[in-house]
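Below: one structure, written as structure tokens.
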There are 2 protein chains.
Amino acid sequence: MNNGRFATALHILTLLDIKKGELLSSEFIAGSINVNPAIVRKEIGNLRALGFIESKEGKGGGYTLGKSSSKITLSEVYRAVNDSPLLGRANDPNPDCPVGRQINDHLKDLFSTADELFLKQLDKITVKDFVKRFE
Amino acid sequence: MNNGRFATALHILTLLDIKKGELLSSEFIAGSINVNPAIVRKEIGNLRALGFIESKEGKGGGYTLGKSSSKITLSEVYRAVNDSPLLGRANDPNPDCPVGRQINDHLKDLFSTADELFLKQLDKITVKDFVKRFE
DNA sequence: CATACTGTAATAATTTTAATTACAGTACAA
DNA sequence: TTGTACTGTAATTAAAATTATTACAGTATG
């Protein structure tokens, strides 16, 4: 799990929606999030591959939304930065112990069910909905 | 967020339930989880304060469940190791930006709702239920 | 009183995450 | 056509979080 990346990604999309029509630079975006511009460019590379963001290179270049904020759900954003929200780091238990041998599978079941539920909730919320909270 | 600790805590409780009646040492438990005994003792210190585990000091000492595994829910275990399952690490955005100033509050809302939902699911599952999966 | 445990803290090592640096590539504009 | 201001990307360093290790005092048992 890594919510730092989710926070960053959603922050980027929020700024792009609020400043719709403008091309925002990685430096401007990084200034709002308070992270390094290279990280913004990297995360945008990921979001761009999914069609959420478009970029323009060269002088005067920058970023805009690649699709309407009403068409991007938070579950899509979460999946973009993270395969399994909840599972996270597991132990590496002893395979010679009956419990150790099985527990990771059982934990995985547990979390994948919860993951689905969590993502189902986020699926109902679009970036546009989220941006409305800033009004 | 930190699921390593949840995995460790649940592993401990699972072993204690399966080996009910016996006193298990931190070394035995650590051998099954494949972590350091001092970590087991530390986590047990936490679980003992909540009444989930009892310990006996001195030679021949060790650990047993402090209450029936059917009376311990996974949501209680989760809360024992983690205040907010989902929120995790946040950024430290620029307070001079309208988005930066507000986003952490909005993220927190988002995650606290999801947290409640997640814990509500875990509330339905007891340690005993979990242990049944090993049969 | 020797032994085998727990309880707890301090420190070190490891892993993960983010920051920094660097630079090639691209578009604009004088 | 050249300087400038951007993106794209990778390599390296730094910081933060997590876990491991070590150490030892305290306690019960035989």
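A quick note: this is a predicted structure, and the numbers were derived from the prediction, not measured. Atoms considered below: every heavy atom in the structure, side chains included; atoms not considered: hydrogens, waters and symmetry mates. We name chains A, B, ... by the order of the sequence lines, and we start the count at 1 in each one.
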### Task
Let me know, please, whether A:Gly61 or A:Ala38 comes out on the 5' side of the other along DNA chain D by nearest nucleotide.
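Counting from the 5' end, the first nearest nucleotide belongs to A:Gly61.
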Under 3.5 Å, which N/O atoms of the protein pair with N/O atoms of nucleotides 1-4 of chain C?
residue	atom	partner	partner atom	Å
C:dA4	N3	B:Lys59	N	3.2

Give the rounded distance in Å between these two atoms: [atom1] of [X] and [atom2] of [N].
X	N	atom1	atom2	answer
B:Ile44	C:dT8	CD1	P	12 Å
B:Asn34	D:dT18	CG	P	20 Å
B:Lys56	D:dA28	NZ	P	9 Å
B:Asn91	C:dA19	CG	C1'	13 Å
A:Glu22	D:dC6	CD	P	14 Å
A:Lys42	C:dT17	NZ	P	11 Å
A:Glu57	D:dA5	CD	C1'	12 Å
A:Arg5	C:dA18	CZ	P	9 Å

#### Entry: Close aromatic pair by centroid cut-off 6.0 Å: B:Tyr63 and B:Phe52
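For B:Tyr63 and B:Phe52, the ring centres are not under 6.0 Å apart.
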### Check against side chain to side chain contact (heavy atoms under 4.5 Å, CB included), A:Leu65 and A:Leu13
CA-CA 7 Å; A:Leu65 284 181; A:Leu13 292 166; 3.8 Å; yes
From the list [options], which nucleotide is the closest neighbour of the side chain of [X]?
X	options	answer
A:Ser26	D:dT7, C:dT8, D:dG8	D:dT7
B:Ser25	C:dT6, D:dA20, D:dT9	C:dT6
B:Tyr63	C:dA19, D:dA28, C:dG7	C:dG7

### Task
Check step by step if salt bridge (Lys or Arg N to Asp or Glu O under 4.0 Å) holds for B:Glu43 and B:Arg5.
CA-CA 8 Å; B:Glu43 192 60 71; B:Arg5 271 186 74 195; 2.8 Å; yes
### Task
Starting from the C-alpha separation in whole Å, work towards a yes-or-no answer on salt bridge (Lys or Arg N to Asp or Glu O under 4.0 Å) for A:Lys20 and A:Asp17.
CA-CA 5 Å; A:Lys20 217 165 357 197; A:Asp17 191 36; 3.1 Å; yes
### Task
Answer yes or no: is there a donor N or O on one side and an acceptor on the other, between the side chain of A:Ser112 and the main chain of A:Asp109, under 3.5 Å?
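Yes: the side chain of A:Ser112 pairs with the backbone of A:Asp109.
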#### Entry: Derivation of the ring pair (Phe, Tyr, Trp, His ring centres under 6.0 Å) call for B:Phe6 and A:Phe111
CA-CA 11 Å; B:Phe6 177 71; A:Phe111 285 120; 5.7 Å; yes
### Task
Apply the test side chain to side chain contact (heavy atoms under 4.5 Å, CB included) to residues B:Lys71 and B:Thr126: give CA-CA distance (whole Å), side-chain angles for both, the deciding distance (0.1 Å), then the verdict.
CA-CA 7 Å; B:Lys71 302 272 187 188; B:Thr126 65; over 6 Å; no
### Message
Between A:Asn36 and C:dT20, is there a contact of a side-chain N or O with OP1 or OP2 at under 4.0 Å?
### Response
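So the side chain of A:Asn36 is within the cut-off, an N or O lying under 4.0 Å from OP1 or OP2 of C:dT20.
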### Under-4.0 Å side-chain N/O to phosphate OP1/OP2 contact, A:Arg41 with C:dT21
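The answer is no; no side-chain N or O of A:Arg41 sits under 4.0 Å from OP1 or OP2.
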